[in-house]
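Shown next, in structure tokens, is the structure this report addresses.
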Amino acid sequence: MKQIFSLAGWNWRLARRAYGILCGVFALEQLAVLLFTARRNDMLGMGLAACYEEGFQFQVFLLVFLLAGLLAGPAVNDWKRAKCSYTWLTLPVPPAARLAAQVLTAAVLELGVVALQLVMYLVYFFPVQAMDSARAMEKLGAAMPAQSLYEQVMLSDSLYWLLPRRPAQFVLLAVTLLASALLLTCVRLHRGWRRAVAVVIGVVCGVCCLLLFQWEKDFALYSAYDALVHNTLVSAAVLAILVVFSIWWALRAIRRAETA
């Protein structure tokens, strides 16, 4: 475990500058988009949740989430074979520890993006509310009724996926985080057609996770029925098989790179 945490710390030092830039750009972009959307006449009085959805900010969040996972550590099959990749391959650490360290780093970076999005949603409520009030005074000559931050959180369909309300939803969120960290690490470990296959596997697993989230919501709202149970089990099985295969394939790629 000490080797894993030490290597994860090294990965973090390699990624922290790019990660900081990514988070900073994301924060500025979201604030600009939310304020621009709140200024639109058709968004008058709609609130933060509507501006967030209308500005496609959840899609932007997903993109930043994936980019953050790709920043974790060196790519051992980089065509240019950067110096840090050679150093990474020559460290006296077993392949399983190398993979675990990269996945741990990717998971921490992704979790940081999730936390940043939640904090930004709460903080940006106030400038969006101020913009909405100013537009109401300009257009209507009177202030709009004050909106509740709690109401805007509850109205957001996107935040439903980031704020688990039930144990099963919390487990799914943790599984999605770890699976995405692993699969994004696999994309960095492979090259050529193997990288393309790793991307396809990641897309399939992402779809499975989204379906599991939706079906977990259906389980909570409606009584379980045979088709729903069957679909849930099939998606969970596909996800488990692809994750196990990806772990084996990633370890094989690391071993092959060590002997190259």
Side-chain angles (χ1 to χ4, degrees), residues 4 53 56 58-70 72 95-115 117-118 153-190 193-254:
I4 294 175
E53 301 293 339
F56 301 101
F58 188 68
Q59 289 81 354
V60 175
F61 158 74
L62 291 178
L63 176 61
V64 175
F65 180 84
L66 296 176
L67 290 176
L70 290 172
R98 298 178 199 273
L99 179 61
Q102 296 234 153
V103 172
L104 176 61
T105 308
V108 170
L109 296 181
E110 290 177 338
L111 187 60
V113 171
V114 173
Q117 176 59 94
L118 294 175
V153 171
M154 292 297 103
L155 286 174
S156 176
D157 293 333
S158 300
L159 253 64
Y160 175 87
W161 309 109
L162 303 181
L163 292 172
R165 295 165 173 79
R166 295 174 294 276
Q169 193 179 359
F170 180 83
V171 170
L172 277 177
L173 188 62
V175 168
T176 301
L177 177 69
L178 293 176
S180 63
L182 169 67
L183 296 168
L184 290 170
T185 297
C186 291
V187 171
R188 288 181 59 88
L189 292 177
H190 299 296
W193 67 267
R194 295 180 179 83
R195 177 168 292 178
V197 173
V199 170
V200 172
I201 291 175
V203 171
V204 172
C205 289
V207 171
C208 288
C209 289
L210 290 176
L211 291 175
L212 288 173
F213 269 110
Q214 182 58 52
W215 291 334
E216 186 277 335
K217 184 178 180 180
D218 292 342
F219 272 119
L221 297 177
Y222 314 107
S223 59
Y225 50 90
D226 292 343
L228 181 59
V229 174
H230 175 266
N231 292 338
T232 300
L233 293 176
V234 170
S235 295
V238 171
L239 178 63
I241 291 170
L242 290 179
V243 165
V244 171
F245 171 77
S246 296
I247 293 173
W248 170 82
W249 202 23
L251 291 174
R252 184 170 180 269
I254 294 173

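Contact of the Gln117 side chain with the Leu162 side chain is registered, since non-hydrogen atoms from C-beta on lie closer than 4.5 Å. Here the side chains of Ser246 and Ile201 are in contact, with some heavy-atom distance below 4.5 Å.
The side-chain contact (heavy atoms from CB on, under 4.5 Å) test applied to Val153 returns Tyr121, Leu122, Leu149, Leu159, Leu163, not counting sequence neighbours.
The SG atom of Cys205 lies 10.5 Å from the CD1 atom of Ile241; values are rounded to the nearest 0.5 Å. Here the CG atom belonging to Leu212 is positioned 9.5 Å from the CG atom belonging to Leu233, to the nearest 0.5 angstrom. Going from atom CG of Leu211 over to atom CG of Asn231 covers 8.5 Å, rounded to the nearest 0.5 Å. Atoms CZ and CD, from Phe58 and Glu53 in turn, are 8.5 Å apart once rounded to the nearest 0.5 Å. Summarising the geometry, atom CZ belonging to Arg98 is positioned 11.0 Å from atom CG belonging to Leu189; distances are rounded to the nearest 0.5 Å. Going from atom CG of Leu62 over to atom CZ of Phe56 covers 13.5 Å, rounded to the nearest 0.5 Å.
Annotation for Phe245: atom CZ counts as buried by contact number, over 12 foreign heavy atoms lying within 6.0 Å.
The shortest heavy-atom contact between Leu109 and Ala68 is CD1-O, 3.4 Å. The nearest pair of heavy atoms linking Arg195 to Arg188 is NH2-O, 3.4 Å. Contact record, Ala198 with His190: CB-CD2, 4.0 Å, taken as the closest heavy-atom pair. Val114 and Phe65 make their closest contact through CG2-CE1, 3.8 Å (heavy atoms, listed as atom of the first residue, atom of the second, distance).
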Residues 174-184, side-chain donor-acceptor partners within the protein, below 3.5 Å, at least two apart:
unit_1, atom_1, unit_2, atom_2, d
Thr176, OG1, Leu172, O, 2.8
Ser180, OG, Glu110, OE1, 2.9
Ser180, OG, Glu110, OE2, 3.4
Ser180, OG, Thr176, O, 3.0
Ser180, OG, Leu177, O, 2.8

